[in-house]
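Throughout, numbering of the chain's residues begins at 1 and tracks the sequence. The figures that follow rest on heavy atoms only: side chains count, while hydrogens, waters and symmetry mates do not.
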Amino acid sequence: QVQLVESGGGLVQAGGSLRLSCVASGRTFSSYGMGWFRQAPGKEREFVSTISRSGGSRNYADSVKGRFTISRDNAKNTVYLQINSLKPEDTAVYYCAATLIPGGTGRKGDYVYWGQGTQVTVSS
């Protein structure tokens, strides 16, 4: 069992930055690929980014490439999402998730553990 707790969300102006963190319980964090998803009001949860177990492989949704950076620190059981150049359309609840796929994945159904989410609101 893995528990995930996100933090770092908030209200920011367009063009601003945030750093989201997700801390995992347990001693097997490095066994999981990790991902970030987001869900805006009235929309389905969508893929944002994923990172492999070692951190050597990363992938991003086209809508966030060049603005978002995913990273992880296995010694701290933590995965991060650095969000720059925020836009109002980035407003959503951001979730981190863990998958048994070593390289990470963009498919929601492949994730076995989810956090409760952290709200990001971008004002124009």
Only pairs at least two apart or in different chains count here, so list each salt bridge (charged side-chain N to carboxylate O under 4.0 Å, His left out) that has a residue in residues 60-73.
D62-K65, R67-D90
Give a yes or no answer on whether the side chain of T99 reaches the backbone of D110 with a donor-acceptor pair at less than 3.5 Å.
yes
Take Y80 and S71 through the side chain to side chain contact (heavy atoms under 4.5 Å, CB included) test and state the conclusion after the steps.
CA-CA 5 Å; Y80 304 97; S71 61; 3.6 Å; yes
Side-chain touch I83/Y94, heavy atoms, less than 4.5 angstrom
yes
Can you check whether M34 reaches L4 side chain to side chain, under 4.5 Å on heavy atoms?
yes
Quick one: does I70's side chain get under 4.5 Å of F68's, heavy atoms only?
no
Listing request: all salt bridge (charged side-chain N to carboxylate O under 4.0 Å, His left out) pairs with a residue in residues 39-58, at least two apart in sequence or in separate chains.
R38-E46
Checking Q119 against T121 for the side-chain hydrogen bond (donor to acceptor under 3.5 Å, both in side chains) test, could you report, in this order, the C-alpha distance in whole Å, the side-chain angles of both residues, the deciding distance, and whether it holds?
CA-CA 6 Å; Q119 176 72 47; T121 303; 3.3 Å; yes
What about L100 and V79, same hydrophobic cluster or not, with Ile/Leu/Val/Met/Phe/Trp/Tyr joined at side-chain heavy-atom distances under 4.5 Å?
yes
Identify, with sequence neighbours excluded, every residue that meets ring-ring contact (aromatic ring centres under 6.0 Å, His included) alongside Y111.
F37, W114
Test item: S17 side-chain N/O and N84 main-chain N/O as donor-acceptor pair under 3.5 Å
no
Does Q3 have more than 12 heavy atoms from other residues, nucleotides or ligands lying within 6.0 Å of its CD?
no
A14 and P88 have their tightest heavy-atom pair at CB-CD, 4.2 Å
Verdict with supporting geometry, V120 and T91, side chain to side chain contact (heavy atoms under 4.5 Å, CB included)
CA-CA 5 Å; V120 172; T91 294; 5.9 Å; no
Students often mix this up, so state it plainly: with edges at 30° and 60°, are the rings of Y113 and Y32 parallel, tilted or perpendicular?
perpendicular
Heavy atoms of other groups near Q39 CD, more than 12 under 6.0 Å
yes
Do V122 and Y95 sit in one hydrophobic cluster, given that two such residues count as connected whenever their side-chain heavy atoms are within less than 4.5 Å of each other, even indirectly?
no
S7 and T118: CA distance, side-chain angles, deciding distance, side chain to side chain contact (heavy atoms under 4.5 Å, CB included) verdict:
CA-CA 6 Å; S7 63; T118 185; 5.6 Å; no
Quick check for you: to the nearest 0.5 Å, what is the distance between S123 atom OG and Q13 atom CD?
5.0 Å
Are the side chain of N77 and the backbone of A24 linked by a donor-acceptor contact shorter than 3.5 Å?
yes
Can you tell me how far the SG atom of C96 sits from the CD atom of Q116, to the nearest 0.5 Å?
10.0 Å
Under 4.5 Å between side-chain heavy atoms, hopping through other hydrophobics if needed: is there a path connecting I51 to V112?
yes
Looking at every non-hydrogen atom in both residues, tell me the closest pair between A92 and A40 and how far apart they are.
CB-N, 3.8 Å
Exam field: side chain S63 to backbone A61, donor-acceptor pair closer than 3.5 Å:
no
Could you walk me through whether W36 and L20 pass side chain to side chain contact (heavy atoms under 4.5 Å, CB included), step by step?
CA-CA 10 Å; W36 285 97; L20 308 184; 3.7 Å; yes
When you group the ILVMFWY residues by side-chain heavy-atom contacts below 4.5 Å and let the links chain together, are V64 and F47 in the same group?
no
Applying a strict under-4.5 Å side-chain criterion to I, L, V, M, F, W and Y, I'd like to know whether L81 and V5 cluster together.
no
Identify the heavy atoms of L18 and G10 that sit nearest to each other, and give their distance.
CD1-N, 4.0 Å
